[in-house]
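Worksheet: the structure to be examined is printed underneath.
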Amino acid sequence: MRGVRWRRVASQVGRSVAVWAVSTLTMLVLAGILPDFRLRSADGDSATDIAVTAAFGAGAFGVLSAVVWPLLVRLLLLVPALVLGLLVFFLNGALLLLALRLDPGERGTAAPETAVVVAAVMSAVASATGAALAVRDDDAYRRRLYRLSDRRRRRSGPPCPASPGTVFMQLDGVGHDVLLDAVGQGLMPTVARWLGSGDGGRPTHRLTSWRTDWSSQTGASQLGILHGSNHDVPAFRWYEKDTREVVVCNRPTSAAELQRRAIGYAGHGGLLAVDGASRGNLFSGGAGQQALVLSIAARRSRENRSRAGYFAYFSDPANAVRTALSFVTEVGREIVQSTRARLAKQRPRVSRGGLYPLVRAFATVVERDVVVAAVTGDMLAGRTAVYADLVAYDEVAHHSGPASRDAQKVLEPLDRSLALIEKVAEHAPRPYRIVVLSDHGQSPGETFRSRYGLTLGDLVRAGCGLPVPRRAEHTRSGAEARAAVRAALRIPVEEHGEQHRPTRRSEPIVLASGNLGLVSFPDVTHRMSKEEIDARHPALLPTLANHPGIGFLLVRSEEHGGVVLGAYGAQIPLADLDDNPGPLAAFGPGAADAVRRTHSFPHAADIMVNSFHDPADGEVLAFEEQIGSHGGLGGEQGKPFLLSPLGFSPPVDEGEELVGAEHVHRVLRRWMGESDGPQVPLESSEERAA
């Protein structure tokens, strides 16, 4: 036992010396390249003196980075996350200048701007060297990963149970067929190995598709998955007449309210209520450990741990350097890709300028790195259940298209993230089962505005006899990453026109959620019926129903309770949809049930509008500025996936379908019970029988 300990110490000392030597060599090389960085006095020094200065500077910089850096980051935790990412470089440079000043010979000097560059390069080289030396050393690898874990939990927490924990990784927006295509093209070798594809290996996971609710977007799906209820979530954004406010799923105040309502409907705190961690999600799931969770981003208190994941990640300056370099690379990649698409005159295409390259880089680099680091820390801390969301693919697919090469290339680093989590599981203090799932897919197609030259709001105004602007205005996108960036910068997540109390209260409010539109009349306190709408605006419903870009409408009816309207005068009562689906026929099985469920919501809009859908190519017409969209019915947006270990029971019995986010929640609860995990209150015997 003593011999093993000494070998471990000797190995650690050897790696430290090797990193020190490489850092010293790096400093010598940089001193020879950069004119404002020198390691000798003005009178000149021997090569030995220069080497000693470099060795001292490299050693002092390494010690300061290890000792002082975590304290600096903790002090700066109140700084907005993206600002902290920029401060990393300047603080790192300051540590280098301090290290040079500590040299007794006072030979080393550097201009402040040069010190920033030198410190960044040395941090990256030292990190890469340490990682390379630790590749074949499991103990070293484990110790390296432990720096990302919750030190307080490891120091004072209870002993880790022997029962398996569960990690739920959500790949936002990745549809079932997109995943299979990526596996077939070799873009996701980790997932391919789990499925036993290609190399003839035995599968360890099963792949199941499931069907979303009508509102096929992260707000509805993740709320249902994490909290067991997405009742009364008709879309990504909707107008509530009782409060005269617009609810937006990616607004922190709205997310907090939706979470509160879901807890009331479900009767329990959520999937992660017992020893759970929520990372990068819209909602907490009841977890005690939260990082980058939108529903708590609006709070200002000691209990607000929505940004704790940033400290865990940026406490290592090498992490910050790697992420920053990857961030810049991703910005450049987006600029090149968008320029190429514009020069090739690709269609469909949406604007990808302005701040979008930065938003994309945040989603595909910063959010991914910080969330994965938080998950690895949770696993090494032995938490029982972890749920994390990676939004990279969803953000790129919105602007490049779900089947585009741009979006497909994003799947490769996501697969590497899964491989890292699998590796961490081998070193965790308890066994872990990894479940991968998506909250929705995406459907391709050009925007409603680009095809017809007007927005849904323009069409509604025309049907109401109101003046229509000569030029159609852009409709804001509801992509999750933009809200995550705003939350990281502590900028209120509000969108133009969404929190208004209209001065002209007779004018309709028109909101878009992908290819789902909602029309509400704010001066009427109840949900208007078809008869009331016809009496007030006789041309409105026929104008919408007969437009070629509209698939169907849902309105309340005094005679039938609710009706679906389509072109050529189609009017099908909800009770008759099973026998006569009418305009819903193009939207596949389950459309009628999804429409009937949404009709029962207290905050369903006066008019629910679903765009046209072409079953032949799966295209829809988004009412937002997205060429890959989700939010309504039609195509792959309603067909996400669930990838689960074979050690769990099948999600559903043979011949059954997995329908709705609430059903997925019940499956995940059952699996946690099979792992002897925390028992979220199970449904009643009547519910189980149903």
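Looking at Phe641 and Ser438, their side chains come closer than 4.5 Å, going by heavy atoms from C-beta outward. Under the 4.5 Å side-chain criterion, counting only non-hydrogen atoms from C-beta, Val563 is not in contact with Leu574. When side chains are defined from C-beta on, Ile572 counts as touching Pro583, because their heavy atoms get closer than 4.5 Å. A heavy-atom distance below 4.5 Å is found between the side chains of Thr339 and Leu343. Considering only heavy atoms from C-beta on, Leu282 stays 4.5 Å or farther from Leu223 through its side chain. With a 4.5 Å cut-off on side-chain heavy atoms, Pro651 and Arg206 count as touching. Gln571 places none of its side-chain heavy atoms less than 4.5 Å from the side chain of Leu553. Phe521 places none of its side-chain heavy atoms less than 4.5 Å from the side chain of Ile509.
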Pair Val233, Trp238 - check side chain to side chain contact (heavy atoms under 4.5 Å, CB included), show working. CA-CA 8 Å; Val233 181; Trp238 66 94; 3.9 Å; yes
Check against salt bridge (Lys or Arg N to Asp or Glu O under 4.0 Å), Glu395 and Arg360: CA-CA 7 Å; Glu395 179 61 33; Arg360 166 176 165 166; over 6 Å; no
With side-chain hydrogen bond (donor to acceptor under 3.5 Å, both in side chains) as the criterion, how do Asn281 and Gln170 come out once you've worked through the C-alpha distance, each side chain's angles and the decisive distance to 0.1 Å? CA-CA 9 Å; Asn281 301 311; Gln170 178 180 300; 5.5 Å; no
Could you go step by step and tell me if Asn250 and Phe236 meet the side chain to side chain contact (heavy atoms under 4.5 Å, CB included) rule? CA-CA 8 Å; Asn250 70 355; Phe236 183 79; 3.4 Å; yes
Might you work through the side chain to side chain contact (heavy atoms under 4.5 Å, CB included) test for Leu577 and Arg596, ending with a clear yes or no? CA-CA 9 Å; Leu577 287 175; Arg596 280 192 287 256; 3.8 Å; yes
May I have the step-by-step check of side chain to side chain contact (heavy atoms under 4.5 Å, CB included) for Val247 and Tyr239, ending in yes or no? CA-CA 6 Å; Val247 175; Tyr239 180 74; over 6 Å; no
Start with the C-alpha gap between Arg279 and Glu367, add the side-chain angles, then the distance that decides, and say whether salt bridge (Lys or Arg N to Asp or Glu O under 4.0 Å) holds. CA-CA 10 Å; Arg279 309 301 188 186; Glu367 195 266 356; over 6 Å; no
Kindly determine whether Arg244 and Glu240 satisfy salt bridge (Lys or Arg N to Asp or Glu O under 4.0 Å), including the steps that lead there. CA-CA 6 Å; Arg244 296 180 59 197; Glu240 296 192 344; over 6 Å; no
CA sep, side-chain torsions, deciding dist, call: Ser443, His630, side-chain hydrogen bond (donor to acceptor under 3.5 Å, both in side chains): CA-CA 6 Å; Ser443 297; His630 57 87; over 6 Å; no
Quick one, Thr190 with Asp415, criterion side-chain hydrogen bond (donor to acceptor under 3.5 Å, both in side chains). Give me CA distance, side-chain angles, the key distance, then yes/no. CA-CA 6 Å; Thr190 304; Asp415 185 82; 2.9 Å; yes
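Tested against Phe601 for a side-chain contact (heavy atoms from CB on, under 4.5 Å), the candidates Arg597, His599, His603 yield a single pass: Arg597. Among Val609, Leu565, Leu544, the single residue meeting the side-chain contact (heavy atoms from CB on, under 4.5 Å) criterion with Val555 is Leu565. Exactly one residue among Leu390, Leu187, Val396 makes a side-chain contact (heavy atoms from CB on, under 4.5 Å) with Val410. That residue is Val396.
For the pair Asp617 (side chain) and Glu619 (backbone), a donor-acceptor distance under 3.5 Å is present. A donor-acceptor pair under 3.5 Å is absent between the side-chain atoms of Ser295 and the main chain of Ala256, judged by distance alone. The main-chain N or O of Glu624 is never found under 3.5 Å from a side-chain atom of Arg449 such that the two would form a donor-acceptor pair. Of the possible donor and acceptor atoms, none in the side chain of Ser520 sits under 3.5 Å from a partner among the backbone N and O of Lys241. Proximity of a side-chain donor or acceptor of Thr598 to a complementary backbone N or O of Ala594 within less than 3.5 Å is detected. Remark: side-chain polar atoms of Ser557 are not paired, donor with acceptor, to backbone N or O of Gly562 under 3.5 angstrom. Without hydrogens or angle criteria, Ser216 side chain to Gly631 main chain gives a donor-acceptor distance under 3.5 Å. No side-chain donor-acceptor contact under 3.5 Å links Glu330 to the backbone of Phe327. Asp458 places a side-chain N or O within 3.5 Å of a backbone atom of Thr455 that can act as its donor or acceptor partner. Using a distance-only test at 3.5 Å, with no hydrogens or angles considered, a donor-acceptor pair links the side chain of Asn610 to the main chain of Leu633.
Salt bridge present: Glu507 and Arg461 bring a charged side-chain N and a carboxylate O closer than 4.0 Å. Ionic pairing of Asp593 and Arg211 is not present here: no N-O contact between side-chain nitrogen and carboxylate oxygen is shorter than 4.0 angstrom. With respect to Arg416 and Glu412, no salt bridge is recorded, no charged nitrogen being found less than 4.0 Å from a carboxylate O. Ionic pairing of Asp606 and Lys530 is not present here: no N-O contact between side-chain nitrogen and carboxylate oxygen is shorter than 4.0 angstrom. The pair Arg451-Glu446 counts as a salt bridge, with a side-chain nitrogen and a carboxylate oxygen less than 4.0 angstrom apart. Under the 4.0 Å criterion applied to side-chain N and carboxylate O atoms, Arg352 and Glu625 are not assigned as salt-bridge partners.
Side-chain atoms of Ser221 and Asn230 form no donor-acceptor pair, as typed in the model, at a separation below 3.5 Å. In this structure, a donor-acceptor pair under 3.5 Å is present between the side chains of Ser450 and Thr447.
A ring-centre distance under 6.0 Å is not found for Tyr393 and His398. Taking the six-membered ring for Trp and the full ring otherwise, Phe587 and Phe552 have centroids separated by under 6.0 Å. Between His547 and Tyr452, the ring centre distance stays below 6.0 Å.
Taking every heavy atom of both residues into account, Gly660 and Asp213 meet most closely at CA-OD1, 3.7 Å. In terms of heavy-atom proximity, Cys249 sits nearest to Leu294 at O-CD2, 4.2 Å.
The line from OG of Ser629 to NE2 of His440 is 10.5 Å long, rounded to the nearest 0.5 Å.
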